[in-house]
Amino acid sequence: MPAVPRTPEAPHPPAVQSAIRKIFRRVVPLFFIMFVANYMDRVNLGFAQDELRADVGLSAAAFGLGAGIFFIAYAIFEVPSNILMERFGPKVWLTRIMISWGVVATAMAFVTSVEMFYALRFLLGVAEAGFFPAVIYYFSRWLPDSHRGRATSIFLMGSGTATVIVGPVSGALMEMHGIWGHAGWQWMFFIEGIFSVVLGFVVYRFLDSGIEKADWLTDEEKTGLVAVIDAEQDARDAQRGTSGHVSRWKMLADPQMLLFLWIYFAINVALYAVTFWLPSIVADIGGLSAFQVGLLTSVPWLCAIAAVYVSGRISDRIGKRRPVLITLLLLGGCGTLLAVFVSPWAGLGALCLAAMGFKPASPIFWTIPQSYLDARAAAPGIALINSIGNLGGFVAPTAFGIIEDSTGSTKGGLVGLTVVGFLAALSVLLVRGGGRNDRVRTRPVKAPTATAPETTPGAARTVHPGPTTA
């Protein structure tokens, strides 16, 4: 089939470009640091496993159940959390999320029983629920479509960065064992949790709920940015031929949502399986100390961090999300398949390819629901996708462990990840949104001289005269 000529992207007005630069300097790095803290508090449990089980009296089954309860709570409370975010605004709600998860993470230092362990892991899932989709929704209301891919990629590099640094940091804190009569795992949970609490107050100082409330933007930058984002929403409405008020529940019943749910679930199954089992696969190389295994385990994630940033820039530049996502999923699947048939050292290289495919797939995926979902139903829609998708974090290690127990090898699990990656890639072909014909393209919007209209979180935008969309 001959290539379809690409319609050039209209450049944004200077005021809008200036506003975007300021957002990338002020807001995006803040979200990046927040995600580092978020991911660290989520996965540091693994580094405390042996000492925590010995001191509290946890069996392996109890430890695994407690780890998985987090994802169950996260899934249950994800959508309610984001509905409340629309009511209270991103500034208040993101601050609440961060401080509450920091408090719960700190309380993990005082676990004394199995029941308390279960309760705190469940509460951690409740506290964290809503964080990720709230940030994605924030980007959809602050940045034009042409820049969301890069912003989301930078944000999600936080989890990759946390994966690299959580080992050395947590290991160093574990070395504080015995100070003031407390175990090393207690110091680790306490200090890393307190860091999140302090960061939460910083977030409240620097974050704004809406563009119109950002005193670090000029009036021209505010009105220009609002005009561009509103024009993109109008274009989406016109493409759908909708008018009047958009029911968020009708939007969530869209068959495309089922595809979004499945694809993101598949991405998480692959990603969490690689994350959870990578150390044991690296250990199969043999002759390595625990420290050397830790260093080698970080190599695939260092590669993934670079891939996240590069793929985000490429997808923004070419304006085609789906081909990039398909390529990444196929790369991840090929990496896991290759790891089955090669030597352990070559397998490490293959898992680098898998990490470079599956890790960047997540931020590229999120640009597609952002461009497809109506802004007035985006928050609950994104929350639903994220909540169901994150159940992959519960399913992946469980299924991988069952396969290994049954076969005595991780190879069956790796083949399974290959199948998941390939099926997800095929599913992307059926998705609308994020492609050449679905990408919102508008003429340059001249920034009006009047100040931007005041809006409230969760309220529908002002509908301008002309064809209405409801």
Side-chain angles (χ1 to χ4, degrees), residues 27 30-31 34-35 37-39 41-42 69-105 107 119-142 152 155 193 196-197 199-214 229 233 245-254 257 260-261 264 366 369-370 373-391 393 454-461:
V27 177
L30 181 62
F31 283 149
M34 291 171 68
F35 203 20
N38 174 266
Y39 206 79
D41 286 337
R42 180 184 298 189
I69 282 177
F70 167 89
F71 293 98
I72 301 298
Y74 197 98
I76 293 173
F77 289 92
E78 186 87 318
V79 172
S81 176
N82 276 266
I83 292 175
L84 290 172
M85 185 271 293
E86 288 187 287
R87 177 179 178 182
F88 293 102
K91 176 175 182 170
V92 171
W93 201 245
L94 280 168
T95 300
R96 192 284 305 165
I97 288 174
M98 185 147 212
I99 293 177
S100 61
W101 101 49
V103 169
V104 177
L120 287 176
R121 285 296 295 178
F122 185 86
L123 287 176
L124 185 62
V126 174
E128 285 194 24
F131 168 68
F132 180 84
V135 173
I136 299 299
Y137 174 74
Y138 195 95
F139 286 153
S140 73
R141 305 310 301 144
W142 279 73
T152 305
F155 167 60
S196 294
V197 173
L199 186 57
F201 287 101
V202 176
V203 169
Y204 187 81
R205 167 64 179 82
F206 286 96
L207 205 60
D208 299 285
S209 285
I211 295 173
E212 70 283 352
K213 297 181 179 179
I229 294 173
Q233 178 62 42
H245 175 69
V246 174
S247 167
R248 65 161 53 100
W249 303 116
K250 184 177 180 180
M251 177 67 71
L252 298 184
D254 189 328
M257 284 295 295
F260 292 147
L261 293 173
Y264 192 57
W366 279 115
Q370 280 179 325
L373 290 172
D374 188 286
R376 290 155 289 189
I382 291 170
L384 179 63
I385 295 168
N386 192 56
S387 62
I388 300 301
N390 267 283
L391 289 177
E454 187 76 14
T455 59
T456 56
R461 293 182 299 100

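Among residues at least two apart or in separate chains, there is no salt bridge (charged side-chain N to carboxylate O under 4.0 Å, His left out) pair with a member in residues 199-209.
Residues forming a side-chain hydrogen bond (donor to acceptor under 3.5 Å, both in side chains) with Ser81 (at least two apart in sequence, or on another chain): Trp93. In this structure, Thr95 has no side-chain hydrogen bond (donor to acceptor under 3.5 Å, both in side chains) partners at least two apart in sequence or on a different chain. Take Tyr74 and apply the ring pair (Phe, Tyr, Trp, His ring centres under 6.0 Å) test, not counting sequence neighbours, and it matches Phe70. Taking the ring pair (Phe, Tyr, Trp, His ring centres under 6.0 Å) definition, one finds that Tyr39 meets it with nothing, sequence neighbours left out. Every residue two or more places apart in sequence or in another chain that forms a side chain to side chain contact (heavy atoms under 4.5 Å, CB included) with Leu261 is listed here: Leu258, Leu384, Ile385, Ile388. Remark: Phe139 engages Phe31 in a ring pair (Phe, Tyr, Trp, His ring centres under 6.0 Å) (not counting sequence neighbours).
Annotation: side chain of Phe260 is not in contact with side chain of Trp366 (no heavy-atom distance under 4.5 Å). Here the side chains of Tyr138 and Val27 are in contact, with some heavy-atom distance below 4.5 Å.
For the pair Leu30 and Leu207, the tightest heavy-atom approach, listed with the atom from each and the gap, is CD2-CD1, 4.3 Å. Met98 approaches Ser196 most closely through the heavy-atom pair CG-O, 3.4 Å. When every heavy atom of Ile69 is checked against every heavy atom of Arg121, the shortest pair comes out as CG2-C, 4.4 Å. Shortest non-hydrogen contact noted between Arg141 and Ile211 is O-CD1, 3.4 Å.
Taking CZ from Arg96 and CH2 from Trp101, the interatomic distance works out to 10.0 Å, rounded to the nearest 0.5 Å. Note that CE of Met85 and CD1 of Ile97 are 8.0 Å apart. Values are rounded to the nearest 0.5 Å.
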Please output the side-chain donor-acceptor pairs of residues 124-136 that fall under 3.5 Å, not counting sequence neighbours, one pair per line with the distance.
| unit_1 | atom_1 | unit_2 | atom_2 | d |
| --- | --- | --- | --- | --- |
| Glu128 | OE1 | Asn38 | ND2 | 3.1 |
| Glu128 | OE1 | Arg42 | NE | 3.4 |
| Glu128 | OE1 | Arg42 | NH2 | 3.2 |

